[in-house]
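Each remark here refers to the structure printed beneath this line.
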Amino acid sequence: MAGNAPHDDKIPVDKVPDAGGRARCEFRFYEELNDFLRPALRKRTFTHDFDGTPTVKDRVESLGVPHTEVDLILVDGQSVDFDRRLCGGERVAVYPVFERFDLHGVTRLRPHPLRSPRFLLDVHLGRLAAYLRLLGFDSRYRNDADDDELLDIATESGRILLTRDVGLLKRAALTRGAFLHETDPRRQLREVVDRFELWGTFAPLTRCARCNGLITPTTRQDARGSVPEQVAREQRTFSRCGDCCRIYWRGSHVERLRRRLAEVGVTW
């Protein structure tokens with residue numbers, strides 16, 4: 001995330017079109033939205049020239065910020081939706097997704113935050129998908145899905161698309177998506193948990209890390225033949241995935257995984 005500037009280097013907005021007949025307005029982006037901007041535009045107020053009367057969504061995305069990352073836009077101090085058209089002379093303030101603040105009375109640009117969300121992950125986020133499933137979150141993932149397939153799945157199933165592909169988040173049909181700033185899968189998990197306020201909603205070891213199916217208890221006898229004989233002798237509690245039939249047990253690998261996630265502050 002970009003560092004704080006020592007002051008807001010404000011450039012006055014001019015209501016009069018420039019010499020080329022283009023209109024001009026003033027923009028200011030806040031917090032992590034600055035990560036998408038050119039360095040010269042971060043953490044400051046700047047002027048932006050444009051032709052015609054474009055929507056505020058069009059101008060926000062032209063500056064590099066995906067619409068899925070925006071939760072509040074103020075034009076001259078009034079909250080507006082993405083379809084508000086700019087004519088020139090406006091002052092536009094753009095804010096990121098608010099998951100911890102009450103925005104009652106303003107125009108939020110997406111439905112209210114989901115507290116039990118379902119996720120869709122792009123092809124580069126397989127490890128994150130496994131971690132989310134480990135904590136009990138419905139997380140769909142395929143390592144061979146192209147962008148059009150991801151968009152269709154997200155739209156049809158109402159899932160939140162997690163990705164590091166800015167271009168994918170700018171697709172007009174996508175209403176729920178989140179850009180992951182972190183690159184390490186464990187830190188990505190922490191980022192998702194923080195952004196969607198998932199603390200206290202974990203249901204560990206209830207979903208299959210391989211296929212996302214639900215896991216239910218099963219007997220030792222049922223597990224025998226599907227696990228090493230030593231495991232069958234030593235373990236007392238087993239579970240089976242209802243979709244792919246994979247058998248799970250609470251061995252030392254679970255504790256190792258808990259310790260690794262605890263290193264980034266994710267505990268259960």
Taking [X] for its side chain and [Y] for its backbone only, find out whether a donor-acceptor pair lies under 3.5 Å.
X: R42; Y: L37; result: yes
X: S139; Y: F137; result: yes
X: E90; Y: G88; result: yes
X: N143; Y: V123; result: no
X: N34; Y: K43; result: yes
X: R91; Y: G77; result: no

Taking only residues two or more places apart in sequence, or in another chain, which ones meet [X] in a side chain to side chain donor-acceptor pair (under 3.5 Å)?
X: R187; result: none
X: R142; result: D144, E149
X: R140; result: none

Open item on the list: Restricting to ring-ring contact (aromatic ring centres under 6.0 Å, His included), what partner residues turn up for F27, sequence neighbours left out?
Closed with: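 Only F29, H48 meet the ring-ring contact (aromatic ring centres under 6.0 Å, His included) criterion with F27.
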TODO: Scan residues 123-138 for pairs that pass side chain to side chain donor-acceptor pair (under 3.5 Å), counting only residues two or more places apart or in two chains.
DONE: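 Applying side chain to side chain donor-acceptor pair (under 3.5 Å) to every pair that reaches into residues 123-138, excluding sequence neighbours, yields D138-R159, D138-N212.
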Looking at residues at least two apart in the chain, or sitting in another chain, which of them share a salt bridge (Lys or Arg N to Asp or Glu O under 4.0 Å) with [X]?
X: D83; result: none
X: E182; result: none
X: R186; result: D184, E263

Open item on the list: I'd like to know whether CZ of R260 has more than 12 heavy-atom contacts from other residues, nucleotides or ligands below 6.0 angstrom.
Closed with: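 No, CZ of R260 has 12 or fewer neighbouring heavy atoms, counting only those of other groups under 6.0 Å.
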- [ ] Could you state whether L132 and W268 fall into the same hydrophobic cluster, counting links through intermediate Ile, Leu, Val, Met, Phe, Trp or Tyr residues with side-chain heavy atoms under 4.5 angstrom apart?
- [x]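 They do share one cluster, since a chain of ILVMFWY contacts under 4.5 Å joins L132 to W268.
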Open item on the list: I'd like to know if F202 and V264 are part of one continuous hydrophobic network [Ile/Leu/Val/Met/Phe/Trp/Tyr, side-chain heavy atoms within less than 4.5 Å].
Closed with: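 Yes, same cluster.
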Open item on the list: For V60, run the side chain to side chain contact (heavy atoms under 4.5 Å, CB included) check against L33, V94, T55, V92 and tell me which one passes.
Closed with: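 Among L33, V94, T55, V92, the one meeting side chain to side chain contact (heavy atoms under 4.5 Å, CB included) with V60 is V94.
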Validation: residues 220-233 side-chain donor-acceptor distances under 3.5 Å, sequence neighbours left out:
residue : atom : partner : partner atom : Å
R220    : NE   : A232    : O            : 3.4
R220    : NE   : Q235    : O            : 3.1
R220    : NH2  : Q235    : O            : 3.0
D222    : OD1  : R240    : NH2          : 3.4
D222    : OD2  : T218    : OG1          : 2.5
D222    : OD2  : R240    : NE           : 2.9
D222    : OD2  : R240    : NH2          : 3.1
R224    : NH1  : E229    : OE2          : 2.8
Q230    : NE2  : E234    : OE2          : 2.9

Open item on the list: Would L261 and T267 count as a side chain to side chain contact (heavy atoms under 4.5 Å, CB included) here? Give the steps.
Closed with: CA-CA 7 Å; L261 295 185; T267 60; over 6 Å; no
- [ ] May I have all residue pairs that pass ring pair (Phe, Tyr, Trp, His ring centres under 6.0 Å) and include part of residues 153-188, sequence neighbours excluded?
- [x]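 Only F36-F179, F36-H181, F179-H181 qualify under ring pair (Phe, Tyr, Trp, His ring centres under 6.0 Å).
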Task: Inter-residue atom distance I160.CD1 - R118.CZ, 0.5 Å rounding - done: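 If we round to the nearest 0.5 Å, I160:CD1 and R118:CZ are 10.0 Å apart.
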Open item on the list: Parallel, tilted or perpendicular: which one describes the rings of Y95 and Y30, with boundaries at 30° and 60°?
Closed with: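 Correct class here is parallel.
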Open item on the list: I'd like to check the side chain to side chain contact (heavy atoms under 4.5 Å, CB included) partners of L205; sequence neighbours left out, ordered by chain and number.
Closed with: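 Only L134, R250, V254 meet the side chain to side chain contact (heavy atoms under 4.5 Å, CB included) criterion with L205.
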Task: Residues that, via side-chain heavy atoms closer than 4.5 angstrom, fall in one hydrophobic cluster with I215 - done: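 Besides I215, the hydrophobic cluster comprises Y248, listed by chain and residue number.
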